[in-house]
Amino acid sequence: ILRLGQALARLRFSEEVAQSDVDEALRLMKMSKISLYNDDRSTSARIDPITAIYSAIRDYAIRTSTLEVDYAKCVELITPKGYSQEQLKACLDEYKGLNV
């Protein structure tokens, strides 16, 4: 966790590890462990909405080779997947706090 936090701080060009770096390191470790399971054991550890929304937006940006995705397009991407605009706002707020 410490090394991941340090790496995340370096990505922000910071000499100090912030709480948001530690939080993201913990989330990454959790998601890494979840990805190890490909059978029924993973049903109890589902991906949280914030991560799923971020993944959908990131995947769209990669597919379309763009650095910015407008809010209307984000809503269009997440609504069919069953996520709300409140969850989108929570996702945007969390990743804004991480400087992503």
Side-chain angles (χ1 to χ4, degrees):
I1 300 300
L2 178 63
R3 292 194 188 271
L4 279 173
Q6 290 172 329
L8 290 163
R10 281 192 295 262
L11 285 172
R12 293 184 299 103
F13 302 107
S14 176
E15 294 291 323
E16 296 179 8
V17 176
Q19 181 63 44
S20 61
D21 297 321
V22 175
D23 293 342
E24 181 65 3
L26 289 168
R27 188 192 71 79
L28 289 170
M29 288 299 294
K30 178 183 173 187
M31 298 314 297
S32 176
K33 289 178 182 178
I34 288 171
S35 71
L36 293 174
Y37 301 107
N38 291 327
D39 56 14
D40 293 335
R41 290 181 289 177
S42 67
T43 57
S44 63
R46 300 231 184 258
I47 296 176
D48 64 291
I50 290 175
T51 302
I53 291 170
Y54 175 77
S55 296
I57 295 169
R58 183 199 61 219
D59 292 346
Y60 172 80
I62 290 169
R63 277 194 320 271
T64 59
S65 300
T66 186
L67 295 176
E68 294 182 9
V69 180
D70 64 28
Y71 187 81
K73 187 62 180 178
C74 291
V75 171
E76 183 182 318
L77 290 168
I78 65 152
T79 303
K81 297 178 184 217
Y83 298 110
S84 67
Q85 289 190 28
E86 290 80 23
Q87 290 170 316
L88 173 60
K89 184 180 180 326
C91 175
L92 295 174
D93 290 343
E94 180 166 329
Y95 281 92
K96 180 181 179 184
L98 296 172
N99 294 322
V100 175

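- Evaluation of the side-chain hydrogen bond (donor to acceptor under 3.5 Å, both in side chains) rule for Asp93 yields Lys89 as partners, not counting sequence neighbours.
- Residues Leu77 and Ala56 come closest through the heavy atom pair CD1-O, 4.3 Å.
- What you find for Gly5 and Ala25 is that their closest heavy atoms are N-CB, 3.9 Å.
- Residue Leu2 is found outside any hydrophobic cluster, as its side-chain heavy atoms come under 4.5 Å of no other Ile, Leu, Val, Met, Phe, Trp or Tyr.
- The two residues Gln87 and Ser84 come nearest to each other via the heavy atoms OE1-N, 2.9 Å.
- Ile50 and Ile57 end up in different hydrophobic clusters when Ile, Leu, Val, Met, Phe, Trp and Tyr side chains are linked at under 4.5 Å.
- Chaining together hydrophobic side chains whose heavy atoms lie under 4.5 Å apart places Val17 alongside Ile1, Leu4, Val22, Leu26, Met29.
- Partner of Tyr83 under the side chain to side chain contact (heavy atoms under 4.5 Å, CB included) criterion, out of Leu88, Ile53, Val75: Ile53 alone.
- Residue pairs meeting the salt bridge (Lys or Arg N to Asp or Glu O under 4.0 Å) criterion with at least one partner in residues 10-19, sequence neighbours excluded, are Arg12-Asp21.
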What donor-acceptor contacts under 3.5 angstrom involve side-chain atoms of residues 59-66, with partners at least two apart or in another chain?
{"residue": "Thr64", "atom": "OG1", "partner": "Tyr60", "partner atom": "O", "Å": "2.9"}
{"residue": "Thr66", "atom": "OG1", "partner": "Glu68", "partner atom": "N", "Å": "3.4"}
{"residue": "Thr66", "atom": "OG1", "partner": "Glu68", "partner atom": "O", "Å": "3.0"}

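- Rounded to the nearest 0.5 angstrom, Leu11 CG and Leu98 CG are separated by 11.5 Å.
- Residues forming a side-chain hydrogen bond (donor to acceptor under 3.5 Å, both in side chains) with Thr51 (at least two apart in sequence, or on another chain): Arg27, Asp48.
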